[in-house]
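Below is one structure, written out as structure tokens, with a few remarks after it.
The residues of the chain are indexed from 1 along the displayed sequence.
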Amino acid sequence: QLQLVESGGKLVQPGGSLRLSCAASGETLNSNTIGWFRQAPGKEREGVSCATSFGRTRYADSVRGRFTISRDSTKSAVYLQMNSLKPEDTAVYYCAAGGIFYTCPINGDNYNYWGQGTQVTVSS
């Protein structure tokens, strides 16, 4: 089965940048739609970004213009580049893989495989 492992989360100062990685094993992400989600303490999980195999991307309003999702050329990894980080970005970040979608969804119900999560803390 497909397995996903996130990495790159750490403590970073406000205004700083961070790149999260999601490595796939078992199979490549040739046709999967990829999503990034996050969950802060006491809050519900929210969709951050997604990318389809057709090149369509989507971002939550709270991160648009600051975050960028991308896929590795080998189809074995995806990334989330985060710039201008704010304290409210603090959360556990998860990557997930779903099926083939023409329009990119940011809903957890559309994804079958999930990583274990990586902690991102934005603080002085």
**Prompt:** Can you hop from Y113 to I69 via hydrophobic side chains spaced under 4.5 Å?
**Reply:** yes
**Prompt:** Do T57 and C104 come close enough that some side-chain heavy atom pair is under 4.5 Å?
**Reply:** no
**Message:** Using 0.5 Å steps for rounding, measure from the OH atom of Y93 to the CH2 atom of W36.
**Reply:** 10.0 Å
**Asked** For F67, which of L18, N83, L85 qualifies under side-chain contact (heavy atoms from CB on, under 4.5 Å)?
**Response** L85
**Prompt:** Nearest 0.5 Å, what's the CD-OG distance between Q1 and S25?
**Reply:** 11.0 Å
**Asked** Same cluster for V78 and L2 if Ile/Leu/Val/Met/Phe/Trp/Tyr side chains link at under 4.5 Å?
**Response** yes
**Side-chain (Q39) to main-chain (A91) donor-acceptor, under 3.5 angstrom** = no
**Message:** Quick check on Q3: does its CD atom have over 12 non-hydrogen neighbours (other residues, nucleotides or ligands) under 6.0 Å away?
**Reply:** no
**Message:** side-chain contact (heavy atoms from CB on, under 4.5 Å) for R71 and L29? Distances and angles first, verdict last.
**Reply:** CA-CA 9 Å; R71 306 171 78 111; L29 304 169; 3.8 Å; yes
**Request:** On the 0 to 90° scale, with breaks at 30° and 60°, tag the Y94-W114 ring pair as parallel, tilted or perpendicular.
**Result:** perpendicular
**Message:** Grouping I, L, V, M, F, W and Y whenever their side-chain heavy atoms are under 4.5 Å apart, do L20 and V12 come out in a common cluster?
**Reply:** yes
**Request:** Quick one: sort the Y111 and F37 rings into parallel, tilted or perpendicular, breaks at 30° and 60°.
**Result:** perpendicular
**Request:** Look only at the side chain of R66 and the backbone of S84, and say whether a donor-acceptor pair between them is shorter than 3.5 Å.
**Result:** yes
**Message:** For the backbone of Q116 and the side chain of E6, can you confirm whether one donor and one acceptor N or O come within less than 3.5 Å of each other?
**Reply:** yes
**Asked** Which residues pass the salt bridge (Lys or Arg N to Asp or Glu O under 4.0 Å) test with D61, sequence neighbours left out?
**Response** R64
**Request:** Provide the closest heavy-atom pair for L4 versus A24 in the form atom of the first, atom of the second, distance.
**Result:** CD2-CB, 4.0 Å
**Asked** Taking everything shown except N30 itself, do over 12 heavy atoms lie less than 6.0 Å from its CG?
**Response** yes
**Message:** Keeping T33 on the side-chain end and I100 on the backbone end, is there a donor-acceptor pair under 3.5 Å?
**Reply:** no
**Asked** Taking all non-hydrogen atoms of both residues, which atom of I106 and which atom of C50 are closest, and how far apart?
**Response** CG1-SG, 3.8 Å
**Message:** Please check: side-chain N/O of Q81 versus main-chain N/O of R19, any donor-acceptor pairing under 3.5 Å?
**Reply:** no
**Prompt:** Taking all atoms of both residues into account, what is the closest heavy-atom pair of A60 and G47, and its distance?
**Reply:** CB-O, 3.5 Å
**Item:** Sidechain-backbone polar pair: N32 side chain, G99 backbone, donor-acceptor under 3.5 Å
**Value:** no
**Request:** Could you give me the CA-CA distance, side-chain angles and deciding distance for T68 and Y79, then say whether side-chain contact (heavy atoms from CB on, under 4.5 Å) is met?
**Result:** CA-CA 8 Å; T68 303; Y79 306 96; over 6 Å; no
**Request:** Over all heavy atoms of both residues, which pair between G117 and V92 is shortest? Give the atoms and the distance, please.
**Result:** CA-CG1, 3.9 Å
**Asked** Taking all atoms of both residues into account, what is the closest heavy-atom pair of R38 and S62, and its distance?
**Response** NH2-OG, 3.4 Å
**Request:** Without swapping roles, check the side chain of T90 against the backbone of V122 for a donor-acceptor pair under 3.5 Å.
**Result:** yes
**Request:** Without swapping roles, check the side chain of D72 against the backbone of T74 for a donor-acceptor pair under 3.5 Å.
**Result:** yes
**Request:** May I have the step-by-step check of side-chain contact (heavy atoms from CB on, under 4.5 Å) for K10 and T118, ending in yes or no?
**Result:** CA-CA 8 Å; K10 66 174 185 178; T118 185; over 6 Å; no
